**Student:** 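Can you read through this structure? Questions will come right after.
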Amino acid sequence: NECLEDFAVPQFGATFLGTSHGFDANGTTTGFVLWMGGRGIMVDPPPNSGAILHTQGIPARMIDAIILTHCHADHDAGTFQKILQEHRVTVLATETIMSSFLRKYSALCDLDEDLMNSLFNFQPVTQDQPVKIHGGQIRFFYTLHAIPCCAFQAEFGGKKLIYSGDTCYIPERINAMHEKGVINAGRRDQLINFDFTSDVILHEAGVPPLHTPATELAKLPEDVKERLYCVHVGVANFPFDSGLKIASCGTENTVVIPVDQTIETNGVDNSSIEMLDLIGSLDIFRDLPVSKARDIFQSVKHETYGKGADILKIGDAGKKFFIIEKGHVLVRSTSSSGQAVERFYGIGDYFGEISLMTGVQHQSSYSARTDVQCLTLDKLEFMKLIRGTDIQRRIKSIDNSVLEELWNAINSNSVLLRLTESQKTGLQAILKKHEYREGDIIWAKDDVCKFGILVSKGAVEFSDQTVAPFGPGAWIAEVECLLNKYEDMPLAFTLRAKTACTVFRGNKLDIYNYLLYNPGLLMMMTGTFFME
C-alpha cells in the first residue's frame with residue numbers, strides 16, 4: 001500500500017527501461033517510453049516492463065500504445081506481456097511485422113490467431129506516412145536488419161526525436177550492397193541519409209555484423225554526439241572515450257525535450273488532446289460516441305487538491321464525478337464487520353459515479369495522498385453526457401446495498417484480487433445478485449450458455465464431475481462458450497447448488513465485452529471452467 005510519489009510526465013521525451021541487447025546477461029534489453037502530449041508509448045517493451053514501470057513510479061494507465069519495431073525475442077517478448085496487462089492497448093507496426101508477431105505468439109500460446117488479434121487494437125503503419133498521435137506525429141521507415149525492422153522519427157511541439165531501431169549503419173557496406181544489386185538506389189539513400197539533425201537521437205550500437213558498431217558512431221561530428229544516446233549495447237568494450245554515451249535508465253534520467261506548447265495540432269490545442277486521451281482510456285467511457293466530445297470540452301473542469309486535503313467525506317451527497325489526472329487519492333471506508341479499509345487510487349482511476357446515479361450518499365472518504373489534479377463533471381453535466389448510452393444502463397443497474405458483499409467476493413478470488421480498482425468497479429457493474437436453494441440447478445449440461453457466476457456464500461458443485469465443491473470467491477464459467485458471442489454453444493457440465501448459496505451472475509454479452517477490454521484476464525480464463 002506504499003504510495004509512490006508522482007513522476008512528472010514530460011510533454012515530449014523518453015524514459016529508458018533497458019538499454020542493452022539480448023546477449024548481455026547483466027543488462028536489460030532495450031526498450032523505452034516515448035512521451036508525447038503527456039501520454040506514453042512503449043517502444044519494444046523489455047520483459048517484465050510492467051514491474052519496471054511500477055518501481056519507477058510510472059502509472060500503467062499512462063501507457064496506451066506500443067511500437068513494435070520487429071519480432072526478435074529481445075524486442076517482442078515484453079510487447080506480449082504489456083498487451084496482457086490492465087487495459088487494451090494500441091500496437092503500431094507494419095502489416096508484415098504484425099503478421100509475424102501473431103503467427104509467433106499464437107503458436108507459442110496455442111491460441112487461435114483471431115483470438116490473439118482481438119486482445120489489442122492494431123494500428124497499421126506504412127513507410128513515410130505519418131501517424132498522428134497524442135498531439136504529434138510519428139513517421140516510420142525500414143532499417144537494414146536480418147528480418148523486417150522499423151525505425152521512426154517522432155515530432156511534437158516543433159521538435160524531433162529519431163530512433164534507429166536495430167540496423168547496420170555502415171555507409172560503406174550499404175553502398176557495396178547497392179553496387180552488387182542487393183538494394184536499389186532509393187533504399188540505399190534512405191538508409192544512408194539517417195536524420196542526424198534531430199533534436200534527440202537514439203541509435204543502436206549493437207554487435208556487428210547485424211548491428212551498428214559503436215566505432216562507426218564515434219566518427220560522427222561532436223555536435224551530433226552531444227544529442228545522441230546509444231542503446232542496444234552493453235558496457236563491456238564500449239568506447240566511452242570517444243564522446244559517445246549510453247542512455248541511462250530510470251525516471252530520474254528521463255530525456256526531456258523542451259517544446260512549444262502553444263503549437264496546435266490540426267487546430268486543436270494539445271491540452272485538449274491530452275484530456276480526451278485520458279477520458280477515452282477509461283472503461284466507463286469506452287462506448288461514448290464521438291458526438292459527445294463537444295459536451296466534454298464544454299463541461300469538464302480542472303480541480304486541484306493539496307496533499308492531505310479532503311476531496312469527499314463519508315455521508316457527502318453525490319454532486320461530482322472525478323477522474324484523477326495527477327497524484328494519488330487515499331480511499332477510506334469501514335466494512336460491515338467494523339474493520340477499517342484503505343485503498344489507493346491513481347492516474348486514470350475515477351470515483352463518484354455511483355452516488356450520482358443512485359442518489360446514495362458516499363460510503364467512503366477520499367483525500368489527497370499527494371498533490372492531486374482531477375477532471376470533474378458536475379451531476380447535471382455527467383447525466384447529460386451518459387444519457388442514452390450503455391454507460392447509464394451499467395451504472396444504474398448497480399445495487400449499492402450489495403457492493404460490499406460483491407467487493408468481498410471479488411477479493412476472495414486469487415485472480416480477481418489482483419485486478420486494479422477500476423477493473424473491479426467495471427466487474428461490479430456487470431454482476432447481479434442471485435439466490436439458490438440447496439439442490440437447485442444453476443445450469444444444465446447441453447443448455448445454451450447464458451452466464452457465468454461468482455460465488456459469495458455457500459457452495460456449488462459440478463454434479464457430473466469429481467471436482468471438490470466451490471465456495472466463496474470461486475468464479476465458474478465455461479469461458480469458451482462465453483467467448484462465442486454470436487453462437488449458442490451447449491454447456492459441457494451441469495452446475496448445481498450444493499448448499500443454499502448466494503452468487504453474482506454476469507450475462508454472456510456483458511462478460512464477453514468486459515474480457516475484450518481486459519485481455520490479461522481473458523487469457524487467464526481461456527480454457528478454464530473455474531478460478532478460485
Side-chain angles (χ1 to χ4, degrees), residues 4-19 28 30-46 49 52-67 69 78 82 89-90 92 130-140 151-165 195-204 223-232 244-265 269-271 273-275 277-278 281 325-327 347-348 373:
L4 294 166
E5 292 300 318
D6 279 331
F7 162 58
V9 176
Q11 284 294 300
F12 193 32
T15 299
F16 298 95
L17 308 178
T19 57
T28 299
T30 291
F32 60 95
V33 180
L34 171 66
W35 299 106
M36 297 180 72
R39 304 291 291 179
I41 304 167
M42 291 189 79
V43 180
D44 293 344
S49 57
I52 297 173
L53 289 175
H54 177 73
T55 58
Q56 292 296 321
I58 301 175
R61 270 189 178 274
M62 297 303 296
I63 314 296
D64 59 5
I66 297 170
I67 292 175
T69 64
K82 176 59 183 173
V89 296
T90 297
L92 291 83
V131 175
K132 297 188 184 302
I133 184 170
H134 300 331
Q137 65 177 25
I138 303 176
R139 180 178 62 86
F140 293 83
F152 65 82
Q153 185 175 58
E155 298 182 42
F156 185 88
K159 298 294 181 69
K160 296 179 181 179
L161 176 150
I162 193 167
Y163 175 51
S164 69
D195 188 3
F196 286 107
T197 68
S198 296
D199 298 282
V200 170
I201 304 158
L202 312 179
H203 205 293
E204 72 113 283
D223 71 300
V224 173
K225 286 190 280 188
E226 288 178 5
R227 292 177 279 113
L228 188 149
Y229 297 82
C230 292
V231 295
H232 206 280
L244 296 174
K245 57 185 174 294
I246 298 176
S248 298
C249 296
T251 53
E252 70 277 12
N253 297 308
T254 294
V255 177
V256 179
I257 306 173
V259 295
D260 182 356
Q261 297 193 45
T262 64
I263 294 179
E264 296 185 345
T265 302
D269 69 275
N270 288 322
S271 63
I273 294 174
E274 187 176 345
M275 181 182 70
D277 282 339
L278 176 60
S281 71
E325 277 191 294
K326 296 178 182 178
I347 294 174
Q373 182 172 314

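The structure displayed is predicted, hence computed values, not measured ones.
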**Student:** Determine whether F152 and R139 make a side-chain contact, defined as any pair of heavy atoms from C-beta on separated by less than 4.5 Å.
**Tutor:**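 Heavy-atom side-chain distance check fails, nothing below 4.5 Å.
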
**Student:** Measuring only between side-chain heavy atoms, which start at C-beta, is F140 closer than 4.5 Å to L92?
**Tutor:**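 Heavy-atom side-chain distance check passes, below 4.5 Å.
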
**Student:** If I take atom CG from residue L161 and atom OH from residue Y229, how far apart are they, to the nearest 0.5 angstrom?
**Tutor:**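 Output value for this atom pair is 10.0 Å.
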
**Student:** Determine whether I63 and W35 satisfy the following criterion, side-chain contact (heavy atoms from CB on, under 4.5 Å), listing intermediate values before the conclusion.
**Tutor:** CA-CA 9 Å; I63 314 296; W35 299 106; 4.1 Å; yes

**Student:** Which heavy atom of G40 sits nearest a heavy atom of V33, and at what distance?
**Tutor:**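 Heavy-atom minimum between the residues: CA-CG1, 3.8 Å.
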
**Student:** Pair N253, F16 - check side-chain contact (heavy atoms from CB on, under 4.5 Å), show working.
**Tutor:** CA-CA 8 Å; N253 297 308; F16 298 95; over 6 Å; no

**Student:** If we only count heavy atoms from C-beta on, is the P45 to L17 side-chain gap below 4.5 Å?
**Tutor:**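 They are not in side-chain contact.
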
**Student:** What distance separates E155 CD from I138 CD1, expressed to the nearest 0.5 Å?
**Tutor:**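 So the gap between those two atoms works out to 10.0 Å.
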
**Student:** Mind checking the CD-CD spacing from E325 to Q373? Nearest 0.5 Å is all I need.
**Tutor:**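 Those atoms lie 4.5 Å apart.
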
**Student:** Not counting sequence neighbours, which residues clear side chain to side chain donor-acceptor pair (under 3.5 Å) with T30? List them please.
**Tutor:**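 None.
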
**Student:** Taking all heavy atoms of T19 and all of A247, pick out the closest pair and write down the distance.
**Tutor:**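 Looking at all heavy atoms of both residues, the closest pair is CG2-O, 3.3 Å.
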
**Student:** Locate the shortest heavy-atom distance separating F32 from A14; write the atom from each residue and the value.
**Tutor:**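 Here F32 and A14 meet closest at CD1-CB, 4.1 Å.
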
**Student:** Give me the atom names and distance for the closest heavy-atom approach of R227 to K245.
**Tutor:**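 It is N-NZ, 4.4 Å.
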
**Student:** Side-chain donor-acceptor pairs under 3.5 Å in residues 195-203, sequence neighbours left out?
**Tutor:**
{"residue": "D195", "atom": "OD1", "partner": "T197", "partner atom": "N", "Å": "3.0"}
{"residue": "D195", "atom": "OD1", "partner": "T197", "partner atom": "OG1", "Å": "2.3"}
{"residue": "D195", "atom": "OD2", "partner": "Q153", "partner atom": "NE2", "Å": "2.8"}
{"residue": "S198", "atom": "OG", "partner": "Q153", "partner atom": "NE2", "Å": "2.8"}
{"residue": "S198", "atom": "OG", "partner": "D195", "partner atom": "O", "Å": "3.3"}
{"residue": "D199", "atom": "OD2", "partner": "K160", "partner atom": "N", "Å": "2.7"}

**Student:** Using side-chain heavy atoms (C-beta onward) and a distance below 4.5 Å, is C249 in contact with T28?
**Tutor:**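 Not touching, per the 4.5 Å side-chain cut-off.
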
**Student:** Rounded to the nearest 0.5 Å, what's the gap from CD1 on I41 to CD1 on I67? Could you check?
**Tutor:**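 I41 atom CD1 to I67 atom CD1 measures 5.5 Å (nearest 0.5 Å).
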
**Student:** For M36 and G136, which heavy atoms make the closest approach, and how far apart are they?
**Tutor:**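 M36 and G136 have their closest heavy atoms at CE-CA, 3.7 Å.
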
**Student:** Give the minimum heavy-atom separation between F156 and H134, together with the two atoms involved.
**Tutor:**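 Looking at all heavy atoms of both residues, the closest pair is CE1-O, 3.2 Å.
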
**Student:** Within the distance-only criterion (no hydrogens, no angle test), does the side chain of D64 pair as donor or acceptor with the backbone N or O of R39 below 3.5 angstrom?
**Tutor:**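 No, D64 side chain to R39 backbone: no donor-acceptor pair under 3.5 Å.
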
